[in-house]
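Because the structure is a prediction, the values reported are computed rather than measured.
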Amino acid sequence: MPRSLGQAGSFLFGLWMALAVLQPLGTSAQATTGGGVFPDLEAALHTSINDVRSAQGLRRLERDTLLDAVARAHAEDMAARRYLAHETPEGLTPPDRMKRGGASGFTLAGENVGTTSRLDPNREIVEAWMASTVHRDNVLAPAFNTTGIGVARSADGSFYYTQLYATRPR
């Protein structure tokens, strides 16, 4: 609590400066990524998964903006309604959601989902996926060449992840 008018003025000036400096940083990140809430986490997950694939001699996955939108919508839905599943409560599967999102032309598709409240959420998610046979199979499937990634956060602070894997004919 400020004890003098000078301290109060200094506090308010410092707060104003912090807001003035930080506000443009947040809006520019949002504007350059197509509106993703956690674009840095999504990009870092993409890099981590591609590093795992490269270490196994597999091709890197290319991100697809339509798949990103579908994955992000599913992550946001899971976070908002507090469930973790490949199928929505209404019964929509990953291919259903891809079709509704306008993502077509893929011959094969898979999906990994996860949630964590850890301080390093990407590391936790990648480690969990690699420890699970089914999730690991998606990460390391040689046929997949395209991906979409979405990260959302629930009201309690937990992160929800969706990564779609797909094969786009070359």
Side-chain angles (χ1 to χ4, degrees), residues 15 18-53 60-104 106 108-141 144 146-167:
L15 179 63
L19 291 174
V21 168
L22 295 176
Q23 191 273 337
L25 294 175
T27 56
S28 66
Q30 190 104 349
T32 59
T33 60
V37 178
F38 294 100
D40 293 340
L41 284 176
E42 293 170 357
L45 182 73
H46 181 235
T47 298
S48 293
I49 293 297
N50 273 335
D51 289 349
V52 168
R53 288 177 61 86
R60 298 178 76 75
L61 300 172
E62 295 179 25
R63 283 188 73 184
D64 180 276
T65 56
L66 283 176
L67 289 180
D68 280 346
V70 172
R72 194 171 295 122
H74 188 57
E76 289 170 353
D77 184 48
M78 290 189 300
R81 298 199 289 169
R82 306 280 296 149
Y83 71 95
L84 181 67
H86 297 288
E87 193 171 294
T88 69
E90 296 75 29
L92 294 175
T93 64
D96 295 332
R97 290 185 275 109
M98 288 170 65
K99 185 176 180 181
R100 281 189 173 191
S104 61
F106 298 102
L108 186 64
E111 179 182 71
N112 284 351
V113 296
T115 186
T116 183
S117 57
R118 300 276 174 106
L119 291 177
D120 189 356
N122 278 4
R123 185 174 58 81
E124 176 80 11
I125 290 295
V126 172
E127 287 177 1
W129 286 348
M130 295 309 291
S132 161
T133 303
V134 174
H135 294 93
R136 181 182 172 87
D137 288 349
N138 278 339
V139 170
L140 299 178
F144 292 141
T146 308
T147 192
I149 299 169
V151 178
R153 199 164 198 182
S154 66
D156 74 357
S158 297
F159 288 97
Y160 284 77
Y161 281 70
T162 301
Q163 183 168 17
L164 290 166
Y165 304 86
T167 303

Please check if the side chain of H46 supplies one atom and the backbone of L61 the other of a donor-acceptor pair under 3.5 Å.
yes
Partner residues of D51 under the side-chain contact (heavy atoms from CB on, under 4.5 Å) criterion, sequence neighbours left out:
T47, R60
Are any side-chain N or O atoms of T167 and backbone N or O atoms of F106, one a donor and one an acceptor, separated by less than 3.5 Å?
no
Please step through salt bridge (charged side-chain N to carboxylate O under 4.0 Å, His left out) for the pair E127 and R118, ending with a clear verdict.
CA-CA 12 Å; E127 287 177 1; R118 300 276 174 106; over 6 Å; no
Please check: side-chain N/O of D96 versus main-chain N/O of T93, any donor-acceptor pairing under 3.5 Å?
yes
Which atoms form the tightest heavy-atom contact between Y83 and P89, and what is the distance?
CZ-CD, 3.4 Å
Per the side chain to side chain contact (heavy atoms under 4.5 Å, CB included) rule, which among V70, I149, V113, N138 passes with L164?
V70
Whether T147 side chain and R63 backbone form a donor-acceptor pair below 3.5 Å:
no
What is the minimum heavy-atom distance between A166 and M98, and which atoms define it?
CB-CE, 4.5 Å
Closest heavy-atom pair and its distance - A75, T162
N-OG1, 3.5 Å
Classify the angle between the aromatic ring planes of H135 and W129 as parallel (below 30°), tilted (30 to 60°) or perpendicular (above 60°).
parallel
Please step through side-chain hydrogen bond (donor to acceptor under 3.5 Å, both in side chains) for the pair T65 and D68, ending with a clear verdict.
CA-CA 5 Å; T65 56; D68 280 346; over 6 Å; no
Could you go step by step and tell me if N122 and F159 meet the side chain to side chain contact (heavy atoms under 4.5 Å, CB included) rule?
CA-CA 9 Å; N122 278 4; F159 288 97; over 6 Å; no
Using salt bridge (charged side-chain N to carboxylate O under 4.0 Å, His left out) as the criterion, list what pairs up with E87, not counting sequence neighbours.
none
Short question: side chain of E42, backbone of V151 - any donor-acceptor pair under 3.5 Å?
yes
Using the side chain to side chain contact (heavy atoms under 4.5 Å, CB included) rule, pick out the option among L67, I125, L45 that qualifies with Q163.
L45
Output yes when a side-chain donor or acceptor of R153 lies under 3.5 Å from a complementary backbone atom of A79, and no otherwise.
no
Candidate pair H74 and L92, rule side chain to side chain contact (heavy atoms under 4.5 Å, CB included), full reasoning
CA-CA 10 Å; H74 188 57; L92 294 175; over 6 Å; no
Derivation of the side-chain hydrogen bond (donor to acceptor under 3.5 Å, both in side chains) call for D77 and Y160:
CA-CA 9 Å; D77 184 48; Y160 284 77; over 6 Å; no
Looking only at heavy atoms, the pair that brings A141 and R53 closest together is O-NH1, 3.0 Å
If only atom types and distance count, is the side chain of R72 paired as donor or acceptor with the main-chain N or O of G148 below 3.5 Å?
no
Do we see a donor-acceptor contact under 3.5 Å between the side chains of N112 and Y161?
no
Could you tell me which residues satisfy side-chain contact (heavy atoms from CB on, under 4.5 Å) with L66, sequence neighbours excluded, listed by chain and number?
D64, A103
